[in-house]
Amino acid sequence: MMLQLIDVSDNTVLDTIHLNADQLVYDTGEAREVVESLRRRTPGGTDQAVYEALIAGGWSNGYAAIRPGTTP
């Protein structure tokens, strides 16, 4: 499974996030700042913990959202 950072206004995918060997990998890096902010608030703070939290609950600020994506 992967996560996507999308522009809510038009559903454009801005970044794709994968968990590879317990490490988050970004396709463009656009989501890095949001994910690092979430890391500070996630118990454990590991890449695995942040990824699981995003899979379970996603994230949105009204303009952008992180949600599970589909495999291309």
Side-chain angles (χ1 to χ4, degrees):
M1 182 177 283
M2 67 178 169
L3 295 164
Q4 294 176 326
L5 174 67
I6 62 154
D7 181 323
V8 174
S9 68
D10 62 7
N11 286 326
T12 300
V13 176
L14 304 172
D15 200 357
T16 302
I17 308 161
H18 305 270
L19 188 64
N20 185 6
D22 296 328
Q23 182 176 5
L24 291 173
V25 178
Y26 306 90
D27 288 345
T28 68
E30 291 287 324
R32 187 179 313 275
E33 186 175 327
V34 171
V35 172
E36 290 305 314
S37 176
L38 293 169
R39 179 188 310 281
R40 292 188 289 275
R41 295 178 291 188
T42 302
T46 64
D47 284 359
Q48 179 75 40
V50 172
Y51 190 79
E52 289 174 3
L54 286 168
I55 290 290
W59 170 89
S60 179
N61 66 1
Y63 300 100
I66 296 177
R67 65 178 185 203
T70 58
T71 305

Q) Are Leu38 and Tyr63 in one and the same hydrophobic cluster, where Ile, Leu, Val, Met, Phe, Trp and Tyr link if side-chain heavy atoms are under 4.5 Å apart? A)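 As far as the 4.5 Å side-chain criterion goes, Tyr63 and Leu38 are not connected within one cluster.
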With a 3.5 Å distance limit and no angle check, can you tell me whether [X] reaches the backbone of [Y] through a side-chain donor-acceptor pair?
X     : Y     : value
Asn20 : Gln23 : no
Ser37 : Glu33 : no
Thr42 : Ala53 : no

Q | Verdict with supporting geometry, Val35 and Val50, side-chain contact (heavy atoms from CB on, under 4.5 Å) | A | CA-CA 7 Å; Val35 172; Val50 172; 3.7 Å; yes
Q | Residues forming a side chain to side chain contact (heavy atoms under 4.5 Å, CB included) with Asn11, sequence neighbours excluded | A |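 So Asn11 forms a side chain to side chain contact (heavy atoms under 4.5 Å, CB included) with Ile6, Arg67.
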**Q.** Minimum heavy-atom distance between Ile17 and Ala31, given as atom pair plus value
**A.**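 The answer is CD1-CB, 3.6 Å.
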(Q) Give me the atom names and distance for the closest heavy-atom approach of Leu24 to Tyr26. (A)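 Looking at all heavy atoms of both residues, the closest pair is CD1-OH, 3.9 Å.
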Q. Could you walk me through whether Ile66 and Gln4 pass the side-chain contact (heavy atoms from CB on, under 4.5 Å) check?
A. CA-CA 5 Å; Ile66 296 177; Gln4 294 176 326; over 6 Å; no
(Q) Rounded to the nearest 0.5 Å, what separates atom CG in Leu54 from atom CH2 in Trp59? (A)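 CH2 of Trp59 is found 9.5 Å from CG of Leu54.
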Q: Report the distance from atom NE2 of His18 to atom OH of Tyr51, rounding to the nearest 0.5 Å.
A: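 One gets 8.0 Å once the value is rounded to the nearest 0.5 Å.
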My understanding is that only residues two or more places apart in sequence, or in another chain, count here; which of them pass side-chain hydrogen bond (donor to acceptor under 3.5 Å, both in side chains) with [X]?
X     : result
Thr12 : Asp10
Gln48 : Glu52
Thr46 : none
Arg39 : Glu36, Asp47

**Q.** Heavy-atom check, side chain of Thr16 versus side chain of Leu3, under 4.5 Å
**A.**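 Thr16 vs Leu3: side chains apart.
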Q) With side chains defined as the heavy atoms from C-beta onward, is the minimum distance between Leu5 and Val13 less than 4.5 Å? A)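 No. Closest side-chain heavy atoms not under 4.5 Å.
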Q. For residues 13-31, which residue pairs qualify under salt bridge (charged side-chain N to carboxylate O under 4.0 Å, His left out), counting only residues two or more places apart or in two chains?
A.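 Applying salt bridge (charged side-chain N to carboxylate O under 4.0 Å, His left out) to every pair that reaches into residues 13-31, excluding sequence neighbours, yields nothing.
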